[in-house]
Amino acid sequence: MNVTAPAGTDAATDALREAAAARPTLRTAFLRRSLRHSGLVIGSVTLLVIVAVALAAPLLAPHDPYAQDLAHRLIPPIWQANGTWDHVLGTDKLGRDYLTRLMYGARISLLIGALTVLISGTIGTSLGICAGYFGGRVDSVLSYIVTTRLALPVVLVALASAALVGSSLEGVIVVLGLLLWDRFAVVTRSSTQQIARTDYVAAARAIGCSTPRILVSEILPNILSALIVVATLEMAHAILLEAALSFLGLGVQPPLPSWGLMISEGKQYMFFSPWVIGVPAAALVCLVLAINLVGDGLRDVTAPENRG
Amino acid sequence: MPLLEVENLVVDLPVSSGTLHAVNGISFNLERGETLAIVGESGSGKSMTSLAVMNLLPKRANRRANRLVFDGIDLANAPNARMRTLRGSRLAMIFQEPMTSLNPSYTIGNQLTEALRCHRSVPIASARDRAVQLLEKVGIPGAARRLGQYPHQLSGGLRQRVMIAMALMCGPDLIIADEPTTALDVTIQAQILHLLADLKREFGMAMILISHDLGVVARVADKVAVMYAGQVVESGAARSLFGTPRHPYTRGLLNCIPVPGRTTPGAPLGAIPGQLPSLIGPQRGCAFRERCAFAAPECAGDIAFITAEPGHDVRCVRLGALGMAA
Amino acid sequence: MLSFTSQRLLVAFSVALTVSIVAFVLLHLSGDLATAIAGPEATVAQVAEIRHQFGLDRPITAQYFDWLWHALHFDFGNSFYYRDTVVSLVVSRLPVTLTLGAISLALSLVVAVPLGVLAAVYSDTIIDRLALGFCVLGQAVPTFCLGLVLIIVFAVQLRWLPVSGTASWKNYILPSIALGWYAVPAVMRLSRNGMLEVLSSDYIRTARAKGLQPSVVILKHALRNAIIPVVALAAVQFGFMLGGSIVIEAVFNMQGLGYLAWEAIARNDFPVVQAVVLILAVIYVALTFLADVANAFLDPRIRLA
């Protein structure tokens, strides 16, 4: 026993050293694959720019997003006749600077996307992990819950609940967070089922790890890449839904500069000044496209069949 | 004139790490009514060879040949439309996986009569008559009733019989059977094989039988070609090749099957150590040299066929040293 | 087939029942209905009066069973805003939404399935890339933005089609494009992936070995099998479209079920909201049930089991 112990330790340190050496190469391989994926690169760069602009909005924005100037209403953007450099993207019906409101609007969209995904991700992941790990009756109950959730018309229920909770930023986040967990549950469930069958989970069970510990420290880290992909796609979904709710007047309330609200407020002027809805709509499409490109790209890059 | 002439057939597949040389310049001839068996381990290129003749290779694959002539028709340069009129009517194929080779959404009758109606535009009724007749011929009881059934209602053995009947529908001149018995139970394997041999004789067809099972081949083949790593290493009349196998690989293969009366019961069967070499990248010399007990430096150079006896060719430079030269 | 159908029917019924509970509870727990109905200027006494008048002071289970019992008899009560029963309102608005949904679904299938098949047959070529790029772009455009753009281009500037309303069949063209757009990426991806999987299967090789024309191989042998999951998806998408038509009906001013619900939500007309949520959910459940049955019918392995 005494004789073999040092040898065993040696082997263990060797294995550790090997693992440590292998980790950076795995990471560089992942990076190299990511950089070769043009969609992922374009998406991440666009997304980073939008996030940076949103964070730095108070520093970058040329005006106050709420300052009204009725003398300078509906000034067209710079590329049209009568455009001025003072208001590069023009002004809205109350004379507020469009570029400034667009920058602050990015904060709302990103905030709603991130917080909604945090809530829905927590709900969906817990349900999915339990269903995937325990299987059997727990699993049938979950699939029944998911079926029921899918039967509810999301836009309508979100509108009605948001209206009753009181249309506000917080209300929209909570309602969307409580509604959009289905895809998290479905994806987590199937990934967990795969992981739960592996040897290292069996080993963890054999050495007497408690079930919560197996779920959190063995299974969760291994389904993380799948979760991140779902999170990006659901974030885009939440941002689109918020825009639709605000467009219908039952989401974020004025004077907050939500992009959906900007489109809704511009609707009455769109026949004569199409840019009033064109500018926020383009911003919305760019953001959602960037997030979707990142999500699709991550899925391609982390897909198991690409490994090796 | 032979029914099928193949000279220097090459099949390449581009893969992420280079070019995979699946078939590396093989040649053979087949006369009318003759059975050629192509033998080798999985991955030796035998299936690719048969798919190349049928022009059914995967989209990415490249096929080249000095000669690829079927009954005077140049298959190497035949346009797709011309090739299509030959496939299923004069060239037929039976695949390895009877469980998945039939379309689950259509009845047996529909799938049987389809080729005949496509190539010969016969009326439905006579196509069905022919289908019933052939199903009876391949030994399916209650043939008329089977026409209305779906593939999932049949067992694997029955499905392979259906596949055989399907291949015979247009009365082909050449039938290619790619491991037709591998996926079946041992008892059914023998039945299917005898059926194929009988049908071949009855319809006067030529047959290419692809197999990794030498026991199967020895019973039905007129000629045998042994493939290794995309090359034919030895070919000849079945009697001559099985009687005096000359290539070290063929001899290794034959040591792997127990022969009643010759193999001592309980004695270990021969196994060939090592595994197939990588087929990616340029290929030169004898592909078997890494696993060959008789390998010498000259095995890495170019190797020509040596005619050991008339019609029996061996691709080995060490025959003299092995005492196997004619 | 019979046991399969009856089993699915049972699941559909219980899901519909659960949905009715969820819809009811959701609307009753999201806020105080009595305060919402009474409006911001009402006194405490007025709110209490309304609470009692609408039976909102009774236990929620009693309210639910009362509502469910009436709902099962197609009685959803009276609208608070319109002097009319909820049922007659719904019946007068449903045709607009169903027509819109049906045309949208037809449009998206006509575009997405051939596009998916083409992308699969010509996989890894420029056609495949363009189709996938179209999908990614399509998913990023919100339906209401597309609706507004369509109005500006085709109704205002080109003057080809009417801006809003439901007067003639021309009114349905732009809204259907906007609504159908939403389903195109999902249907296209599923058709493409299904076709790719089927095209690499052994029975397609058998079909090609028979010397059949490429069109027969693709349409008869491959599409028939690849289309089975698309049928189920189409039913689900139809349900999503009916639910999502609220946005499009608002953009195009179409007096459909979605528009009714939108108005009702803004006016706290909650019997209408509850009825519309339940009806859309039941339609969705019925559609998924029909999709399951259609699936079983299309696949002989289930049909004859």
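As a basis for the values below, the full set of heavy atoms in this structure was taken, side chains included, without hydrogen atoms, waters or symmetry mates. Computed from a predicted structure; not experimentally measured. Naming: A, B, ... by sequence-line order, numbering from 1 per chain.
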Between Pro104(B), Pro151(B), Cys118(B), which has the largest tally of heavy atom pairs under 4.5 Å with chain C?
Pro104(B)

Residues of residues 226-244 of chain C contacting chain B, heavy-atom criterion under 4.5 Å, by residue number:
none

So for Met166(B), is it side chain, backbone, both, or neither that comes closer than 4.5 Å to the heavy atoms of chain C?
side chain

Who in residues 201-209 of chain C is close to chain B, using a strict under-4.5 Å heavy-atom cut-off?
Asp202(C), Tyr203(C), Arg205(C), Thr206(C), Arg208(C), Ala209(C)

Taking atom OH as the centre, does Tyr284(C) end up with more than 12 heavy-atom neighbours from other residues, nucleotides or ligands that are less than 6.0 angstrom away?
yes

When every non-hydrogen atom of Arg84(B) is compared with those of Pro214(C), the smallest separation belongs to NH1-CD, 3.5 Å

Is it true that, when you exclude Leu219(C) itself, more than 12 heavy atoms of the residues, nucleotides or ligands shown sit nearer than 6.0 Å to its CG?
yes

In short, Val121(C) meets Lys59(B) closest at the heavy-atom pair O-NZ, 3.0 Å

Between Met169(B) and chain C, with a heavy-atom cut-off of 4.5 Å, which part of the residue counts as in contact: side chain, backbone, both or neither?
neither

Give, as side chain, backbone, both or neither, the part of Asn55(B) having an atom under 4.5 angstrom from any heavy atom of chain C.
backbone

Greatest number of heavy atom pairs closer than 4.5 Å to chain B - which of Asn225(C), Leu298(C), Val198(C):
Asn225(C)

Distance check, rounded to the nearest 0.5 Å: Arg301(C) atom CZ versus Ser105(B) atom OG?
6.5 Å

Region of Leu102(B) in contact with chain C, defined by heavy-atom distances below 4.5 Å:
backbone

Tell me the salt bridge (Lys or Arg N to Asp or Glu O under 4.0 Å) pairs involving residues 130-148 of chain B, sequence neighbours left out?
Lys137(B)-Glu202(B)

Using a 4.5 angstrom heavy-atom cutoff, name the option from Ile176(B), Thr100(B), Leu91(B) with the most pairs to chain C.
Thr100(B)

Are His221(C) and Gln111(B) close enough that a side-chain donor and a side-chain acceptor fall under 3.5 Å?
no

Set of residues satisfying salt bridge (charged side-chain N to carboxylate O under 4.0 Å, His left out) with respect to Glu197(C), sequence neighbours excluded
none

Spell out, as yes or no, whether a donor-acceptor pair under 3.5 Å connects the side chain of Tyr150(B) to the backbone of Asp299(C).
no

Do Lys210(C) and Arg87(B) touch side chain to side chain, with heavy atoms closer than 4.5 Å?
no

